[in-house]
Asker: 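The structure's right below; bear with me while I get my questions together.
Excluded from the calculations below are hydrogen atoms, water molecules and symmetry mates; all remaining heavy atoms, backbone and side chain alike, are included.
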Amino acid sequence: MEYVTGVAMEALFKVRYWDYSNQRFNFQGHICLSSTLAWGGLTILMTRFVHKPVERLALGIGTDVLTAAVILLTVCLAVDFTLSFRAAIDLRDILVKMETVREELERVQKRLDVIIALSNEERGIKRQERSEKLDELTANIEKRLQHIRERMANGRAAYPDNVREEITELLVKYKLNLENRGQLTNLKEFYKRMLKGNPTMALGRFKEFLQELKEKAEKE
């Protein structure tokens, strides 16, 4: 059950809510021997010792009261499941949008590289790999924009009108994506609790963004 649940949640939410990859005798990080034995022990404890007195207590309650309690608990569980499911979907969407922001910023950086290269100004502008962090990516774009501004202000580069228009468009895209990124990291309290409650939450290409959100949730 733990393995199937883990695989299904990862496929649906694009996030692994628990990860046993650092444990011995694990299988794909979804289950491990120590955890399975612990769950087995707890199951025996619940069925052999805890369930019996709870069953006696439940059977001693009047039918009307018991029915009302069951309905109330069912409603509470349904509401909790709905809210948790919605939060998980929203968190997935936030991570996907943050990845989209990164890709757009990478396109901005590449176009700035092309403009600089065509103007024979490539000296001192270091190309960056796809693996760089988002903060490093924005810092590199800032350097390129500053480099172009200085060249234009000092009259060392006379860009054609179409290039100037493209630079302006790239600047607008850059600022919009920075604003979108800031909005995406402003998490509601519910999402902060979810991140704090799942300390081993992680997943592949979203790892950097997930870590950023978790660190922000811890600070606030």
Asker: Quick check for you: to the nearest 0.5 Å, what is the distance between Trp39 atom CH2 and Ile31 atom CD1?
Answerer: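 Reported value, rounded in 0.5 Å steps: 13.5 Å.
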Asker: Looking at side-chain heavy atoms only, is the closest gap between Gln109 and Asp113 below 4.5 Å?
Answerer: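 Side chain of Gln109 against side chain of Asp113, heavy atoms only: contact under 4.5 Å found.
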Asker: Do you know the tightest heavy-atom contact between Ser21 and Gly29?
Answerer: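 Closest heavy-atom pair between Ser21 and Gly29: OG-CA, 3.7 Å.
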Asker: Can you measure from CD (Glu104) to CZ (Arg107) and round to the nearest 0.5 angstrom?
Answerer: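 So the gap between those two atoms works out to 4.5 Å.
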Asker: Kindly compute the distance separating CG (Leu145) from CG (Asn140), expressed to the nearest 0.5 Å.
Answerer: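 If I round to the nearest 0.5 Å, the distance is 11.0 Å.
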Asker: Using the rule side chain to side chain contact (heavy atoms under 4.5 Å, CB included), only one of Asn22, Asp19, Asn26, Leu37 pairs with Cys32; which is it?
Answerer: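 Among Asn22, Asp19, Asn26, Leu37, the one that satisfies the side chain to side chain contact (heavy atoms under 4.5 Å, CB included) with Cys32 is Asn26.
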Asker: So Val101 and Lys97, do their side chains get closer than 4.5 Å, heavy atoms only?
Answerer: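 No. Closest side-chain heavy atoms not under 4.5 Å.
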Asker: Under 4.5 Å between side-chain heavy atoms, counting indirect links through other Ile/Leu/Val/Met/Phe/Trp/Tyr residues: same cluster for Ile71 and Ile61 or not?
Answerer: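 No, separate clusters.
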Asker: When clusters are formed by joining ILVMFWY residues with side-chain heavy atoms under 4.5 Å apart, either directly or through shared neighbours, do Val54 and Met46 land in the same one?
Answerer: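 Yes.
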Asker: Could you tell me whether the side chain of Ser35 reaches within less than 4.5 Å of the side chain of Glu2, counting heavy atoms only?
Answerer: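 The answer is yes, as the side chains (C-beta and beyond) meet within the 4.5 Å cut-off.
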Asker: Do you know the tightest heavy-atom contact between Ala58 and Leu66?
Answerer: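 Closest heavy-atom pair between Ala58 and Leu66: O-CD2, 3.7 Å.
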Asker: Atom CG in Leu112, atom CD in Glu142: separation rounded to 0.5 Å?
Answerer: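 So the CG of Leu112 and the CD of Glu142 are separated by 10.5 Å.
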Asker: About how many Å separate CG of Leu72 and OG1 of Thr67, when rounded to the nearest 0.5 Å?
Answerer: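 Rounded to the nearest 0.5 Å, the OG1-CG separation comes to 12.5 Å.
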Asker: For Phe27 and Tyr3, take the angle between the two ring planes, folded into 0 to 90°, and tell me which bin it lands in: parallel under 30, tilted 30 to 60, perpendicular over 60.
Answerer: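 It falls in the tilted class, 30° to 60°.
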Asker: What is the distance from atom CH2 of Trp18 to atom NE2 of His30, rounded to the nearest 0.5 Å?
Answerer: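 Reported value, rounded in 0.5 Å steps: 8.5 Å.
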Asker: Just wondering, do Leu33 and Arg24 contact through their side chains at under 4.5 Å, heavy atoms?
Answerer: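 Arg24 does not reach Leu33 side chain to side chain.
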Asker: Below 4.5 Å, heavy atoms only, C-beta onward: do Arg92 and Ile89 meet side chain to side chain?
Answerer: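 When only atoms from C-beta onward are counted, Ile89 and Arg92 do touch, with a gap below 4.5 Å.
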Asker: Considering non-hydrogen atoms only, spot the tightest contact between Lys173 and Asn177 and give its length.
Answerer: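 Scanning both residues, the minimum pair turns out to be O-ND2, 2.7 Å.
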Asker: Does Thr5 reach the side chain of Tyr17, with side-chain heavy atoms less than 4.5 Å apart?
Answerer: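 Side chain of Thr5 against side chain of Tyr17, heavy atoms only: no contact under 4.5 Å found.
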Asker: Is the closest side-chain heavy-atom distance between Leu171 and Ile167 below 4.5 Å?
Answerer: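 A side-chain contact under 4.5 Å is absent here.
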Asker: Is there side-chain contact between Val114 and Arg111, with at least one heavy-atom pair below 4.5 Å?
Answerer: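 Yes, at least one pair of side-chain atoms sits under 4.5 Å.
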